[in-house]
Amino acid sequence: SIVRFFGRQVAQEMAADGPRADLIVANNVLAHVPDLHDFVEGIKILLHPRGTATLEFPHLLRLMEDNQYDTIYHEHFSYLSWTVVEKIFKVHGLRMFDVEKLATHGGSIRIYACHIDHPGNQTTDSAVEIREQELAAGLNRIETYSAFEEKVKESKRALLSFLIEAKRSGKTIAGYGAPGKGNTLLNYCGIRSDFLDFTVDRNPYKQGKYLPGTHIPIYPVERIDEMKPDYVLILPWNLQEEVTKQMNHIRNWGGRFVVPIPKVKVLG
């Protein structure tokens, strides 16, 4: 293990000290890299002439189609599409030839790349298809991003309308989870303890603290059983199935789940 940021310099040192890599794996790394060109150049340097690099990252197409604006927060430097990453790799003499679609993080892709002069690894139908899907969705047009902005605003209005009506009706609302995406959503929508009574999280290091910005208290999961809220707002919506299975017993007192993304939805 080398505890340093990977890039051109580290790759040169590693290649000089030993054999170049037959396989380079970087899952959920590229979106967190401040200098994409330095990172990709490092892959180029370290990768064996017949080697393969595989990288996984949340797919911009899914982010925009499913209105996942709450995943836009400080951990990420980039929100990536196949088309853009393909161009960056090409600049550094690498060729992307295959892709897999994954369900993680609301919809991710895992790409496969090799040196541009690699004689094998023909471009797959999946790679051609995802490029065409991105073009059809307009990811190369500025109007697409302007329309996304309006979708985000409408999603905010819809969620606030639901919460206002619920509170006016005397309903109690708790949150489930204290994830980064949840903090983005709550702060953008202006949802504080006047709407969300509290939230819970299974991580003991978060319990007894407050969500940043909104100052909503975080309790152990058992707090939901004690307070029996009418609604439970699932903040890590990408874990919706897991959460609803774990907490299915809230239906015993008439509790219902609320999912805020892509638009507010109450689960029966």
Side-chain angles (χ1 to χ4, degrees), residues 1-65 68 71-135 137-142 144-145 180:
S1 297
I2 300 173
V3 186
R4 292 172 63 189
F5 285 106
F6 182 78
R8 181 185 295 105
Q9 183 176 343
V10 171
Q12 288 172 340
E13 295 172 9
M14 292 176 69
D17 289 343
R20 294 163 77 182
D22 295 310
L23 176 65
I24 295 176
V25 180
N27 290 345
N28 294 302
V29 174
L30 197 61
H32 300 256
V33 172
D35 189 340
L36 288 173
H37 286 284
D38 182 63
F39 187 87
V40 176
E41 179 64 18
I43 293 175
K44 164 70 174 178
I45 293 167
L46 191 58
L47 189 64
H48 186 276
R50 296 294 181 266
T52 299
T54 176
L55 296 87
E56 179 184 321
F57 47 84
H59 192 194
L60 177 64
L61 179 63
R62 287 295 305 277
L63 184 154
M64 296 184 68
E65 285 182 340
Q68 299 170 5
T71 64
I72 301 173
Y73 55 92
H74 68 283
E75 284 186 14
H76 306 132
F77 284 91
S78 304
Y79 298 86
L80 302 161
S81 65
W82 165 279
T83 306
V84 166
V85 176
E86 185 178 41
K87 289 179 180 178
I88 295 171
F89 272 53
K90 187 176 181 180
V91 167
H92 296 277
L94 297 169
R95 175 172 57 85
M96 286 162 46
F97 62 87
D98 195 10
V99 62
E100 293 178 65
K101 294 181 180 180
L102 308 169
T104 52
H105 299 291
S108 300
I109 56 176
R110 179 181 295 134
I111 62 98
Y112 294 83
C114 59
H115 287 281
I116 206 163
D117 55 358
H118 192 301
N121 296 333
Q122 298 302 308
T123 301
T124 65
D125 291 341
S126 297
V128 174
E129 180 184 5
I130 202 162
R131 187 188 298 119
E132 292 175 347
Q133 287 176 346
E134 290 185 356
L135 289 174
L139 294 193
N140 60 333
R141 299 195 305 270
I142 192 66
T144 304
Y145 299 90

Flag side-chain contact, heavy atom, 4.5 Å: [X] against [Y]:
X	Y	answer
Val25	Thr54	yes
Ser126	Asp98	yes
His59	Glu65	no
Pro58	Thr104	no
Leu55	Val29	no
Ile109	Phe57	yes
His76	His32	yes
Asp38	Val33	no

*Full working for side chain to side chain contact (heavy atoms under 4.5 Å, CB included) between Leu46 and Val10*: CA-CA 9 Å; Leu46 191 58; Val10 171; over 6 Å; no
Can you tell me if [X] has over 12 outside heavy atoms packed within less than 6.0 Å of its [atom1]?
X	atom1	value
Gln12	CD	yes
Phe5	CZ	no
Asp125	CG	no

[X] [atom1] to [Y] [atom2] distance, which is reported to the nearest 0.5 Å:
X	Y	atom1	atom2	result
Asn140	Glu134	CG	CD	9.5 Å
Leu139	Thr83	CG	OG1	6.5 Å
His115	Leu47	NE2	CG	4.0 Å
Ser78	Leu60	OG	CG	10.5 Å
Glu56	Glu100	CD	CD	9.0 Å
Thr144	Met64	OG1	CE	6.0 Å

Quick one: does any side-chain atom of [X] pair with a main-chain N or O of [Y] as donor and acceptor, under 3.5 Å?
X	Y	answer
Arg95	His118	yes
Arg50	Asp22	no
Arg62	Gly106	yes

Quick one: closest heavy-atom pair of [X] and [Y], and the distance?
X	Y	value
Ala127	Phe97	CB-O, 3.7 Å
Ile45	Arg20	O-NE, 3.1 Å
Leu30	Phe39	CD1-CD2, 3.7 Å
Gly93	Lys44	O-NZ, 3.6 Å
Ile43	Ala53	CG2-CB, 3.8 Å
Gly51	Cys114	O-CB, 3.7 Å

Enumerate, atom names and distances included, each donor-acceptor pair closer than 3.5 Å involving a side-chain atom of residues 84-92, sequence neighbours excluded.
{"unit_1": "Glu86", "atom_1": "OE1", "unit_2": "Trp82", "atom_2": "NE1", "d": "3.4"}
{"unit_1": "Glu86", "atom_1": "OE1", "unit_2": "Arg131", "atom_2": "NE", "d": "3.2"}
{"unit_1": "Glu86", "atom_1": "OE2", "unit_2": "Arg131", "atom_2": "NH2", "d": "2.7"}
{"unit_1": "His92", "atom_1": "ND1", "unit_2": "Glu41", "atom_2": "OE1", "d": "2.8"}
{"unit_1": "His92", "atom_1": "NE2", "unit_2": "His37", "atom_2": "ND1", "d": "2.8"}

